[in-house]
Amino acid sequence: MTNHSQGSNAPVRIAVIGSGYVGLVAAACFAEIGHTVTCVDNDEAKIAALQGGLAPIHEDLLPDLLAHLSGTQLSFSSDLSTAIKEAEAIFIAVGTPSLDTGDADLSYVESVAAEIARSINGYKVIVEKSTVPVYTNEWVKRVLVRNGVHPENFDVVSNPEFLREGTAVSDFLHPDRIVVGADSQRAYELLARIYEPLTSGSYYAGRTSLPGKRSTGNPVPILHTSAKSAELIKHASNAFLALKISFINSVANVCEAVGADIAEVAEGIGRDSRIGPRFLSAGIGYGGSCFPKDLKAFCSVGSQVGVDLKLLHEVETINAKQLSRFLAKIRSTLWTLKGKKLAVLGLAFKGGTDDVRESPAMKIVEALLSGGSSVTAFDPAAMPNAAAIFGDRISLASDPYAAAERADALVILTDWKEFAELDLERLKHLLRYPIIIDGRNLYRPEEVTRHGFTYVSMGRAPASPATDIGQAAAHGSLQRN
Ligand code: NAD
């Protein structure tokens, strides 16, 4: 699948520090476009798994890339010092979680910067791939200089990553844009060389290139900005996407109050080319390892520079309330939670990933357990990660149908594609009561009620079949199967 570039486009020796959702995908994709990459992590078990050919995360297309590239252009190591010495460009892709204050915890970035200072052996371009607040670039420089590195021996560049878990490989190789925040021309040129196969389109001409929305005739634009602008672009992008989600959820709540249908309203809004259809799906709100922490970090940056980003605080409040609204829907459908046996579909924060960090689904399950329900859950990829958190407090099923067996209702919490294609007749016979409470609006109400279900979703009126089975169930008067 590789596509070597020659001459001024000669492969670059790259070290990627941090082999998580971003670092591992970036490393594999840099190797895929022809560079020589060492992917480093201080988690020895993760590196051993990668060296043994195992992908430690669930990500579409990643296992194929690793199988093709490992041992040739891509290697794995826990020896940070050697990787730094051998690299021309060092991408920092470690975590930047939230502190209790809401600020980003930059201690992982700082410790990598200090390690780079100890091992540096010539000019290096240090690249912030992690999502970091504005001024981090300055701080990384300061750490290196304080540790005795001459400023001529390095540049620090901000190259934020916009990939989405679940479609990360495709997003990386076919991005909307590449942002390079470089205050030095020399550093910019190295980054431009790294991304050249994507920005010239030469990668897409290769017979074995992974297909996607980009092509030789439609290559990726590269934006050269200041380092500070690049840092802000990432925070502002995530803040805007979170805002779009909270906006549509607010509109969904109005739809519920007046008896309108959020699916129709969202389509009508999204057809406006100034707005666009994406991120207008009503549901139980955003989660994951990025939006919640990046919003907090951006608000913190705002308050540090005297700008009150009140709008974003409201986005957070709406998002938190969305969970309570959904729980209230479950209660009003089932009457009480205590003693109920619930089938839960989805634990990951979104479909296509095994990531349960800040997952709204996990929060809902926790609330259901606290309310006295028992939960049998199924998720195509996230069950091991969820089991590490819930232990034996929940049961895990082998598929959606096993989860549904003798359950009082089916609760959909993650937008996995396969959950939108369930055999509703089969489900109806497995459930105790034909009730689906869908936090992701995966079905059209008329489709579900046609099969005899009561269907409760977001931003739409609850729908019941003509016999009003769900109402009866809610009042405990239904004959059990
Ligand atoms: P992650 O937790 O999956 O991975 C981070 C990795 O860094 C871990 O494997 C950890 O062991 C390793 N690490 C920590 N300190 C280290 C050190 N000193 N030396 C070597 N390795 C070290 O995190 P992630 O989801 O990949 O996110 C990384 C960054 O990218 C974050 O700033 C995040 O906000 C940003 N980002 C994430 C996504 C996403 O979808 N996950 C998308 C865009 C940007």
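In each ligand, atom 1 is the first atom listed, and ligand 1 is the first ligand listed.
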Protein heavy atom at shortest distance from atom 35 (C) of ligand 1: Thr131 OG1, 3.4 Å
Winner among Ile47, Thr96, Asn42, Ile57 once heavy atoms are compared against atom 13 (N) of ligand 1: Asn42
Distance filter under 4.0 Å to Ser111 heavy atoms, resulting ligand 1 atoms: 18 (N)
Under 4.0 Å to a heavy atom of Val112 - the qualifying atoms of ligand 1, by number: 17 (C), 18 (N)
Under-4.0 Å heavy-atom contact with ligand 1, by part of Ala93 that carries it: backbone
Short side-chain donor-acceptor distance under 3.5 Å, Ser107 and Asp105: yes
Test of proximity, Asp43 against ligand 1: N or O pairs below 3.5 Å: no
Side chain to side chain contact (heavy atoms under 4.5 Å, CB included) partner of Leu50, the single match among Ser70, Ser75, Ser19: Ser19
Non-hydrogen atoms of Gly23 and Ala93 that approach each other most closely: CA-CB, 3.7 Å
Between Lys129 and Asn159, a side-chain donor and acceptor under 3.5 Å: yes
Residue and atom name of the nearest protein heavy atom (relative to atom 43 (C) of ligand 1), distance in Å to one decimal: Glu161 O, 3.2 Å
Side chains of Pro219 and Thr199 in contact at under 4.5 Å (non-hydrogen atoms): no
Geometric class of the Tyr286/Phe291 ring pair [parallel <30°, tilted 30-60°, perpendicular >60°]: perpendicular
Shortest reach to atom 40 (O) of ligand 1 by a heavy atom, considering only Lys234, Glu165, Lys293: Glu165
Aromatic ring pairing Phe378/Phe419, orientation class (parallel under 30°, perpendicular over 60°, tilted between): perpendicular
Phe30 and Tyr195: CA distance, side-chain angles, deciding distance, ring pair (Phe, Tyr, Trp, His ring centres under 6.0 Å) verdict: CA-CA 8 Å; Phe30 284 141; Tyr195 285 110; 5.6 Å; yes
Heavy-atom nearest neighbour in the protein, as seen from atom 29 (C) of ligand 1, with distance rounded to 0.1 Å: Val94 O, 3.4 Å
Contact (N/O only, under 3.5 Å) between Arg164 and ligand 1: no
Protein residue, atom and distance nearest to atom 5 (C) of ligand 1, heavy-atom basis: Gly95 N, 3.7 Å
Heteroatom distance test (Asp41, ligand 1): nitrogen or oxygen, under 3.5 angstrom: yes
Within-cut-off N or O pair, Asp294 and ligand 1, under 3.5 Å: no
Whether Thr136 side chain and Pro133 backbone form a donor-acceptor pair below 3.5 Å: yes
Per atom 26 (O) of ligand 1, closest listed option by heavy atom (Ile17, Val22, Leu106): Val22
Donor-acceptor side-chain pairing of Lys85 and Ser81 below 3.5 angstrom: yes
Atoms of ligand 1, numbered as shown, that sit under 4.0 Å from any heavy atom of Ser289: 41 (N)
Tyr123 and Glu88: side chain donor to acceptor below 3.5 Å: no
Min side-chain heavy-atom separation Ser289-Glu165 under 4.5 Å: yes
Shortest protein contact, atom 7 (O) of ligand 1 (heavy atom only): Gly18 CA, 3.4 Å
Region of Lys46 that comes within reach of ligand 1 [heavy atoms, distance under 4.0 Å]: side chain
Heavy-atom nearest neighbour in the protein, as seen from atom 4 (O) of ligand 1, with distance rounded to 0.1 Å: Gly20 CA, 3.3 Å
Which segment of Arg357 sits under 4.0 Å of ligand 1 when only heavy atoms are counted: side chain
